[in-house]
Chemist: 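Please see the structure below; I have some questions.
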Amino acid sequence: MLFQLATAAMKMRGLFIGRFQPVHKGHIFAISYALNSVDELVIGIGSAQYNYEFENPFTAGERIEMLRLALKEEGLDLARVCIVPIPDLHQHKLWVEWVETLVPKFDVVFSNNPLVIMLFEARGYRVLRPRLIEREKYSGTEFRRRVAEGGNWKELVPNSVAEFLEKIGGIERIKLLSAKT
């Protein structure tokens, strides 16, 4: 029993934060990298309070569903993942402390965002930078642009996410929201 407790305490947990508006193949590539580097991964849904805006069209709950579907489609172990909504604080100096109050304890952070890297490193965290694949192609901005312009958006997201977006009327939502901007 003591050995089991010691082993459990030594597990390495990582943190990966994204807006996931929507979940795209680049996210899944980076999350796969992170999961190969740690025992458990906390995935933070950033800007969780925003939805039904062109830049943030989906609710936190919809983004959680998309993540679970995409991770399952990729064959990743959902038992090693904890998904937590993280509303924005809008005070960079206090943001990491805010995140620490919302998520389980973590040992390492995965990010390529220069501000996120600076803030977590200033708090003493090790930050690993996952390799990005075709960043100009696999981004929420590119996805929303393609949807708004009637382009090929399906190639950017896992099949399960495309099906989910169609089921919830997500594509029509983005088109409607793009007309308002």
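Quantities reported herein were computed from a predicted structural model and do not represent experimental measurements.
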Chemist: Where the side chain of Arg135 meets the backbone of Gly26, is there a donor-acceptor pair that is under 3.5 Å apart?
Modeler: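 The answer is no, because no donor-acceptor pair under 3.5 Å joins these two groups.
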Chemist: What I want to find out is whether Glu62 reaches Arg173 closely enough, with some N-O distance under 4.0 Å, to be called a salt bridge.
Modeler: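 Salt bridge between Glu62 and Arg173, a charged N being under 4.0 Å from a carboxylate O: yes.
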Chemist: Ignoring hydrogens and angles, write down the donor-acceptor pairs under 3.5 Å from the side chains of residues 161-172, residues two or more places apart or on other chains.
Modeler:
residue : atom : partner : partner atom : Å
Glu166  : OE2  : Lys154  : NZ           : 3.0

Chemist: Measure the shortest side-chain to side-chain distance between Leu67 and Ile45 over non-hydrogen atoms and say whether it is less than 4.5 angstrom.
Modeler: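 Yes, side chains in contact.
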Chemist: For His24 and His27, take the angle between the two ring planes, folded into 0 to 90°, and tell me which bin it lands in: parallel under 30, tilted 30 to 60, perpendicular over 60.
Modeler: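 His24 and His27: parallel rings.
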Chemist: Counting C-beta onward and ignoring hydrogens, is there a side-chain heavy-atom pair between Asn113 and Ile117 closer than 4.5 Å?
Modeler: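 No, their side chains stay 4.5 Å or more apart.
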Chemist: Kindly state each residue pair satisfying salt bridge (charged side-chain N to carboxylate O under 4.0 Å, His left out) with at least one member in residues 12-32, sequence neighbours excluded.
Modeler: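 For residues 12-32, and leaving out neighbouring residues, the salt bridge (charged side-chain N to carboxylate O under 4.0 Å, His left out) pairs sorted by first residue read Arg13-Glu40.
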Chemist: For Lys72, does the NZ atom sit with more than 12 other heavy atoms under 6.0 Å from it, leaving out its own atoms?
Modeler: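 Atom NZ in Lys72 is not packed in, count stays at 12 or less.
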Chemist: Does one side chain, of Tyr125 or Glu100, offer a donor that lies under 3.5 Å from an acceptor on the other?
Modeler: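 Yes - a donor-acceptor pair under 3.5 Å links their side chains.
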Chemist: Please list all pairs passing the ring-ring contact (aromatic ring centres under 6.0 Å, His included) test where one or both residues lie in residues 61-104, with sequence neighbours left out.
Modeler: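 The answer is Trp95-Phe120.
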Chemist: May I ask you to say whether Arg68 pairs ionically with Glu65, meaning some side-chain N is under 4.0 Å from a carboxylate O?
Modeler: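 So Arg68 does not pair with Glu65 through a salt bridge.
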Chemist: Is a side-chain donor or acceptor of Gln49 paired with a backbone partner of Pro87 at a separation under 3.5 angstrom?
Modeler: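 Looks like no, no N/O pair under 3.5 Å.
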Chemist: Ignoring hydrogens and geometry, is there a side-chain-to-backbone donor-acceptor pair from Arg63 to Phe58 under 3.5 Å?
Modeler: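 Indeed, once roles are kept as given, a pair shorter than 3.5 Å links the two residues.
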Chemist: Do the side chain of Asn56 and the main chain of Asn51 share a donor and acceptor less than 3.5 angstrom apart?
Modeler: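 Judged by distance alone, no pair lies under 3.5 Å.
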Chemist: Is the closest side-chain heavy-atom distance between Ile43 and Val84 below 4.5 Å?
Modeler: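 Not in contact.
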Chemist: Between the main-chain N or O of Gln21 and the side-chain N or O of Arg144, is there a donor-acceptor pair closer than 3.5 Å?
Modeler: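 Confirmed, Arg144 side chain pairs with Gln21 backbone.
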